[in-house]
Amino acid sequence: MEHPGQLDFETLAAHAGAHRATGETRATSSALSPSTTYTYDSIADVHAALGPDPQGFAYSRNSNPTVATFEEVMAELEDAEEVVAFGSGMAAIHSVFLGMGLEAGDSVTVASDLYGATRSLLSLLASFDVSAHYVDIMDIRAVESALKNARSRLLYLESISNPLLRVPDIKALVKLAHRHRAVLVVDNTFASPLLIRPLQHGVDVVVHSATKYIAGHGDVMAGLVAGTASTARRVRAVRTGSGGILSPFDAWLAMRGVKTLPLRVARQSDSALEMAQWLESCPWIRRVYYPGLASHPQHERAAELFGGRFGGVVAFDLSGNRETTLAFIDSLRIIGSATTLGDVVSLVLYPPLSSHRMLDPNELQAVGIGDSLLRLSVGLESVRDLKADLHQAALAVGISQTETAASLLT
Ligand SMILES: Cc1ncc(COP(=O)(O)O)c(C=O)c1O
């Protein structure tokens, strides 16, 4: 099916994969092609399939028709020349660190408020004499001095940070990175391409844990790298060498998830905003972190960058200590305790024991992750049920004494 001109995001998402779904059957859903290998009519075809710019398919560790269809869909949604799909977000991030030309003696400048496993991966680069410099990404001067002084070839950050939901000044950082000849890589997992397509702002490379909002249903592990054709060629070489390609079935499932990405993320963002506003009014909450709140330090920037939606994740500090916070999680009945986000069900996570468990107490403190911080990924349940669940947990652990929270009735 040809797309008539420039279509809107919702239309592209709903038709995900349909451009490869015609043929004999005229199916509306794209085909699933689990074949591991492909036969050829001639040796010339073998050569074309295995060459540097492969024509056709050779072996499914290199590329696969269903994975390629998913990549085409995501290239449209991220406004990228090309997308390369991986078996997890970490495999995608690994391919960027390995594929983007870092050499011994180079460094990477990294936002300190960052998904913990990305930090762990960066620490492995030390054995290749590539160091990571962590900076407060809100402090443009600190970023500039790290780029200048540390032979930094790459600047790495998250468009909405995990877990404190900070929103960096992407436009200023693009200029800064390019002035210092550093490649700017943005992890767009929390925002999803519905909120922002960082390549449109001049970012060089976008990575995703597509396990989260893109696939969206808690049943697929997947990762993406989006960028120019030259970036794609580099990271694809890492993928072929390491065997990190996405499986065809997971590509197919992820593509099915993409069809409802705009609906899901819009609803999750609306619900998260309502939850954040309510949490801010609860006496048993010390602080709420959500870019949609007027109280958030980067609220105006987020409103401008994300077009009025702020994502489905809210973080908050309970008024209580670590024990109370852990007991609070155990008391929840609807909201599950799990180490992921972007699912259709709401999930809560305690960063010091999960996403950021590899940070020692000093590092946690330096990043701003306190003992009572919780990260809530808001799903598709009714907001009233979610508020009631949080409130009954607050009653159960004794941080709220109000049997019927007035704010629940509004
Ligand atoms: C911001 C962010 N980036 C990357 C990842 C890694 O993705 P995956 O778990 O799909 O490997 C995660 C996982 O939670 C994440 O939150």
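Read the numbers this way: they start at 1 and go in the same order the structure lists the ligands and their atoms. Side chains are part of it too, since the values below use all heavy atoms of this structure and drop only hydrogens, waters and symmetry mates.
- Atoms of ligand 1 found under 4.0 Å from any heavy atom of Phe190, numbered from 1 in the order shown, are 1 (C), 16 (O).
- In summary, the atoms of ligand 1 found under 4.0 Å from a heavy atom of Asp187, numbered by their order in the structure, are 1 (C), 2 (C), 3 (N), 4 (C).
- Residue-to-ligand polar distances keep Met221 apart from ligand 1: every N/O pair is separated by 3.5 Å or more.
- Using bins of under 30°, 30° to 60° and over 60° for the plane-to-plane angle, the ring pair His391/Trp284 lands in the tilted bin.
- Heavy-atom proximity to Asn162, at under 4.0 Å, picks out these atoms of ligand 1: 16 (O).
- Contacts between Thr339 and ligand 1, counted as non-hydrogen atom pairs separated by less than 4.0 Å, are absent for every part of the residue.
- When only interatomic distances are considered, the shortest N/O to N/O separation between Thr211 and ligand 1 falls below 3.5 Å.
- Not one N or O on the side chain of Glu78 forms a donor-acceptor pair closer than 3.5 Å with the backbone of Val225.
- With Tyr134 as the aromatic partner, Arg119 meets the cation-pi criteria of under 6.0 angstrom to the ring centre and within 45 degrees of the ring axis.
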Please determine whether salt bridge (charged side-chain N to carboxylate O under 4.0 Å, His left out) holds for the pair Arg166 and Asp113, giving the CA-CA distance in whole Å, both sets of side-chain angles, and the decisive distance to 0.1 Å. CA-CA 8 Å; Arg166 295 191 179 120; Asp113 180 14; 3.5 Å; yes
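- The shortest N/O to N/O separation between Leu341 and ligand 1 does not fall below 3.5 Å.
- A perpendicular orientation is assigned to the rings of Phe328 and Phe316, their planes being inclined by more than 60° (bins at 30° and 60°).
- A salt bridge does not link Arg233 to Glu82: none of the charged side-chain nitrogens sits closer than 4.0 Å to a carboxylate oxygen.
- Checking only distances, Glu158 never comes within under 3.5 Å of ligand 1, N or O to N or O.
- Annotation for ligand 1: atoms under 4.0 Å from non-hydrogen atoms of Ile93 are 4 (C).
- With sequence neighbours excluded, the residues satisfying ring-ring contact (aromatic ring centres under 6.0 Å, His included) with His299 are Phe310.
- Residue contact check: Ser88 has heavy atoms under 4.0 Å from atoms 10 (O), 11 (O) of ligand 1.
- With respect to atom 14 (O) of ligand 1, the closest heavy atom belonging to the protein is Lys212 NZ, 2.9 Å.
- Relative orientation of the His356 and Tyr115 rings is perpendicular, given thresholds of 30° and 60° on the angle between their planes.
- Considering backbone and side-chain atoms together, Thr118 places no N or O closer than 3.5 Å to any N or O of ligand 1.
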